[in-house]
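I have placed the structure first, in the form of C-alpha cells, so that the comments after it can refer back to it.
For this chain, numbers begin at 1 and follow the sequence in order. No hydrogens, no waters, no symmetry mates; every other heavy atom, side chains included, goes into these values.
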Amino acid sequence: LFRSRIEYFFCFSNFLFLLCLLRVCYFSLITHKHFFFPDVNWHNITNEQEGLNIIDCIRTTQVCDLTSRGIDGFTLLHLAAQKGYFIMIKRLLTEQFDLDFCNAKRQIPLFVAIDSEQLGIAKLLIHRGSRLNCVDSKGNSILHIATKRGNVNVIEEMIAKSTNEE
C-alpha cells in the first residue's frame, strides 16, 4: 500500500489534518457559530447592488443570519444606513429586520444614518418606527447628533413623530 515511510507519514498527516478540520466544523455547528463567516465585515460591501446580492445569497443559502454582526457590531442595516443604500434598507425592512439593533458603540441604524447625513434614510427609519430615545456609548442621543450635524428636517421629523405617539 505505501512505498515508503515518507508516503505513510504524509498520508497520516493529511488524515490528521482532515480529522482536526472535521472537529472544528463540528464544534462550530454545536456552538451555533458560523464557520464560514466567523468574522463578518459588512464594510467590504462597495455598492448597493453587491449588498442586495449578498442579501439574496444569505436568504437562499442560509449560510448566516441577516442580523449577523461584525466585530464592530454593524449589521447589514447599519451599513445600508451609513452608505445611503435606500433599496437595500427597504429590502431588509421587508424581512422584518429589527430597527433597533445596536452596534459596538450602542448606535442603532437611525443613529448611523443621521451621523452619516443620510437624511432620506433617517426619515424612512423614523417613519418605520425606529427608537428615538437611543443614547450611544458616549452619552449622545439621536437628537444631539442631529443638532450637531444641523439636520433641521430630521429634528422636525423626530418632533412630529414623538408628538404623534403621545
*salt bridge (Lys or Arg N to Asp or Glu O under 4.0 Å) partners of residues 71-86, not counting sequence neighbours, each pair once*: none
*Do the non-hydrogen side-chain atoms of L110 and L99 ever get within less than 4.5 Å of each other?*
no
_Holding to side chain to side chain donor-acceptor pair (under 3.5 Å), I want the full list of residues that pass it with T46, two or more places apart in sequence or in another chain._
E50
*Just grab all the side chain to side chain donor-acceptor pair (under 3.5 Å) pairs involving residues 110-121, residues at least two apart or on different chains.*
D115-R149
*Among the clusters formed by ILVMFWY side chains lying less than 4.5 Å apart, do I87 and L119 turn up in the same one?*
yes
*Out of D56, I55, I54, which one pairs with I58 under the side chain to side chain contact (heavy atoms under 4.5 Å, CB included) rule?*
I54
*asked:* Tell me every residue that passes side-chain contact (heavy atoms from CB on, under 4.5 Å) with T60, counting only those two or more places apart in sequence or in another chain.
replied: none
*Counterpart residues, side chain to side chain donor-acceptor pair (under 3.5 Å), relative to D98 (two or more places apart)*: none
_When you compare the side chain of F111 with that of S130, does any pair of heavy atoms fall below 4.5 Å?_
no
_Are T75 and L92 packed together at the side-chain level, in the sense that at least one heavy-atom pair is separated by less than 4.5 angstrom?_
no
*D136 side, atom CG; Q107 side, atom CD - distance, nearest 0.5 Å*: 5.0 Å
*Going from NZ on K123 to NE2 on H127, what distance comes out if it is rounded to the nearest 0.5 angstrom?*
7.5 Å
*Could you pull out all residues at least two apart from C134 that satisfy side-chain contact (heavy atoms from CB on, under 4.5 Å)?*
I108, R131, I142
*With sequence neighbours excluded, what pairs up with T67 under the side-chain contact (heavy atoms from CB on, under 4.5 Å) test?*
D65, F97, F101
*asked:* I'd like to check I121 versus V112 (side-chain heavy atoms, cut-off strictly below 4.5 Å). Are they in contact?
replied: no
*asked:* Under the rule for side chain to side chain donor-acceptor pair (under 3.5 Å), what residues qualify as partners of E95, not counting sequence neighbours?
replied: R59
*Residue pairs, two or more places apart or on separate chains, that pass ring-ring contact (aromatic ring centres under 6.0 Å, His included) and touch residues 57-79*: H43-F74, F74-H78
*So how far is it from N53 CG to E48 CD, rounded to the nearest 0.5 Å?*
11.0 Å
_Heavy-atom check, side chain of E156 versus side chain of V152, under 4.5 Å_ = yes
_Donor-acceptor pair, distance only, cut-off 3.5 Å: does the side chain of T147 make one with the backbone of L143?_
yes
*Return the set of residues passing side chain to side chain donor-acceptor pair (under 3.5 Å) with S141 (not counting sequence neighbours), or none when no residue passes.*
H144
*Shortest non-hydrogen contact between I45 and G51, atoms and distance*: CG2-N, 3.6 Å
*Under the side-chain contact (heavy atoms from CB on, under 4.5 Å) rule, collect the residues that match up with A80, sequence neighbours excluded.*
Y85, M88, I89
_So which atom in R106 and which in V135 form the shortest heavy-atom distance, rounded to 0.1 Å?_
NH2-O, 3.4 Å
